[in-house]
Amino acid sequence: MRPETLNPLFAETRDLDGVGPKLMKPLEKLGLTRVRDLAYHLPERFVTRRAIANLDEGGEGEQVIVALTPTEHRAARNPGRGPYRVLAQDDAGNICALTYFGRASYTAKKQLPVGEKRWVAGRLDRYGDMLQIVHPDHIEKESAAHMGRMVEPVYALSEGLTQPRIASLTAQALDRLPELAEWIESSQFEREGWPPWRDAMILAHKDTNERARDRLAYDELLANSLALLLVKAEGRRRKGQALAGDGRLRAKLDLPFEMTSAQKRSISEIEGDLQQEAPMLRLLQGDVGAGKTVVALAAMLIANEAGKQAALLAPTEILARQHFETLRKMAAPTGVEVAILTGRAKGKERESILMGLLDGSIDILVGTHSIFQDTVNYRDLGIVVIDEQHRFGVQQRLALAGKGKRAPHTLAMTATPIPRSLTLAQYGEMDVSRLDELPPGRQAIDTRVIAQERIEDMVAGVARHISAGQQAYWVCPMVRDSEIADIAAAEARYAALKERFGDDVVMVHGQLKPEVKDANMERFANGDAKLLVATTVIEVGVDVPSATLMVIEQAERFGLAQLHQLRGRVGRGSEKSVCVLLRGNALSETGRKRLALMRETQDGFRIAEEDLELRGGGELLGTRQSGDAAFNVANLEQVQKLLPAAHADARLLMERDGGLTSKRGEAARQLLYLFERDWGVQLLRGG
Ligand code: ADP
Ligand code: MG
């Protein structure tokens, strides 16, 4: 049970003042459904604004406050496609466009009546030969004095939210924060000069405050380390069962290929683990296409050979079906019974699967999380394989799978290459097998780095590519920090490419309506459209084998891991694929090295390791939006700086007070709830 002190933090956002269903949508998109989430929605940065008398005084890219009078509203010719612009004039007669994308145009219509002076705050940019402010942060009728502090937090937004809105919501959340007992070890706390939790929260929203931010990051790392140690302690308490396979089923496999040595090595590592009584806790890492499935099958067959059952957990229904089909085919010669159970199975079908699991006639079960429901009982489950689970999901499932009985062995699989030094943070103390070798015969992707100035050559190259009957991606950068300006740039690129390629080109980005996005995606996938312009290929499901060219604009602005993933969209068919990285002129030494690395290797592990070396701090691990981020508060720099201490702190606490019953232990329990690692607490007896 969650301690009552924390209740105000877990109150719902929808219960705050001024929050209706309409506002909940964008809030949900950002995952801000509870007071706690809002409080932890820390500013991405702070801006210092300058009030200027007229536009001439403002520098490009500067955050300004200026009085403007709207003169004209210009809707996009094609609603929902182009931006909505309001032309406005300063006192000296200079013109500026106030530019809105998507549904934000409603705001413009309401707040910017023609002929009425308004105080506008935002970032001054240039669009062609015109000044513009994209999505102004504030529009007020009164003078600049009313526009709030000059130092102002900038929060991540989603469509339908504005800075003032989110600021007022976080302020409400901060008002509700309780005082919490300190969970950080006192000497550490004093040495660092950190503020108490509640103060740190408030400070972190106010201004750049490294101590406050570090403290909050440390909390998250401590919570994580503690939860992982609790899982580990639980694992030690529960006995597993040693599984010795005699190889008879594996010998019957009739694979159309020779296993790579990385696959063989991984299988023997797994086999070694399974022979131990202690439950296996192993992570299998390998890029997409590295051949993890057959390793999983071998592991499950070992369990079958030992007379036990195996289960494979997939994150989605679709992936479960894919795995089921593949495994059933591959395992056919062995005679083992493979079944699938998802939330969709109902009535008789479900009954018969449950029977088969109970009487042991099903050897391998593939499914979604429903395979661990209370109503699903196995005769004798020997191994669980978890495919592409989010990291903490893994730990959680491990903790709960087969609770009470003998613990099954566990193999988790992931396609995200992670530097060795970060595996501990993300996967706890799991053993790791790596498929660091792709099966032979894969086409290497020819990666080139070209100066952005040669973009016309590039367009000509795309034209040749398309007339040869192939398809291509054109990726524009999209950085959260400058999301709206990036969309503007991507729109402009699309417009230019459209002049040249007409209906052959389609575009997808996050600000398009889902229907439009899906329709465009579909046109590209079925070959109707030849060129797809995209801001990061968010649509991870895309698999278009005849797309064999990828152009990435301003490639230096992408993370290497992201470039690696993007590049993985080509090279899927039998044709040779090319990836062109367009680079800007102002390339730093690091930037140059990073792009050179991309040209040099396709090894995801090497890229991940060197990316970590080359990249400065400040970046998050993984992408927060995809729910894939290991941490929401701590950034990479903080992970490296603070994790060792947090881990040591957690260990010490566990040694002294493994049941978390001391005063500090109680505080640590609150911490676990706060960061939703409460599955850690649940493992404690009586927790
Ligand atoms: P992933 O690691 O992304 O799950 P898969 O297991 O789906 O990769 O394997 C990708 C493809 O490679 C499959 O078609 C699989 O049959 C094939 N494959 C796996 N191992 C080998 C190998 N050693 N040699 C050739 N092809 C292989
Ligand atoms: Mg796979």
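Numbering of residues begins at 1 and proceeds along the displayed sequence.
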side-chain contact (heavy atoms from CB on, under 4.5 Å) partners for T334, two or more places apart: L249, K252, L253, L301, A331, V336
Atom pair CG/CZ of L595 and F558 - distance to nearest 0.5 Å: 11.0 Å
Pairwise distance CD(Q322) to CG(D387) - rounded to 0.5 angstrom: 10.0 Å
Flag, side chain of H41 to backbone of A156, donor-acceptor distance under 3.5 Å: yes
Under 3.5 Å: donor-acceptor pair, side chain of D446, backbone of V578: no
Do other residues, nucleotides or ligands put more than 12 heavy atoms under 6.0 Å from [X] [atom1]?
X    : atom1 : result
E499 : CD    : no
R265 : CZ    : yes
K576 : NZ    : yes
F605 : CZ    : yes

Derivation and outcome, salt bridge (charged side-chain N to carboxylate O under 4.0 Å, His left out), residues E28 and R14: CA-CA 10 Å; E28 271 161 15; R14 67 177 81 251; 3.7 Å; yes
Heavy atoms, side chains only, cut-off 4.5 Å: are [X] and [Y] in contact?
X    : Y    : result
M259 : I267 : yes
Q471 : L532 : no
L297 : L327 : yes
D287 : H564 : yes
Q554 : E556 : yes
L161 : L23  : yes

Is a salt bridge present between [X] and [Y], judged by a nitrogen-to-oxygen distance below 4.0 Å?
X    : Y    : answer
R606 : D603 : no
K498 : D503 : yes
E325 : R328 : yes
K264 : E258 : yes

Aromatic ring pairing Y84/H73, orientation class (parallel under 30°, perpendicular over 60°, tilted between): perpendicular
Minimum-distance pair of heavy atoms, taken over all atoms of T368 and G343: OG1-N, 3.9 Å
Distance-only side-chain donor-acceptor flag, E553 / Q452, under 3.5 Å: yes
Polar contact flag, side-chain donor to acceptor under 3.5 angstrom, T99-Q132: yes
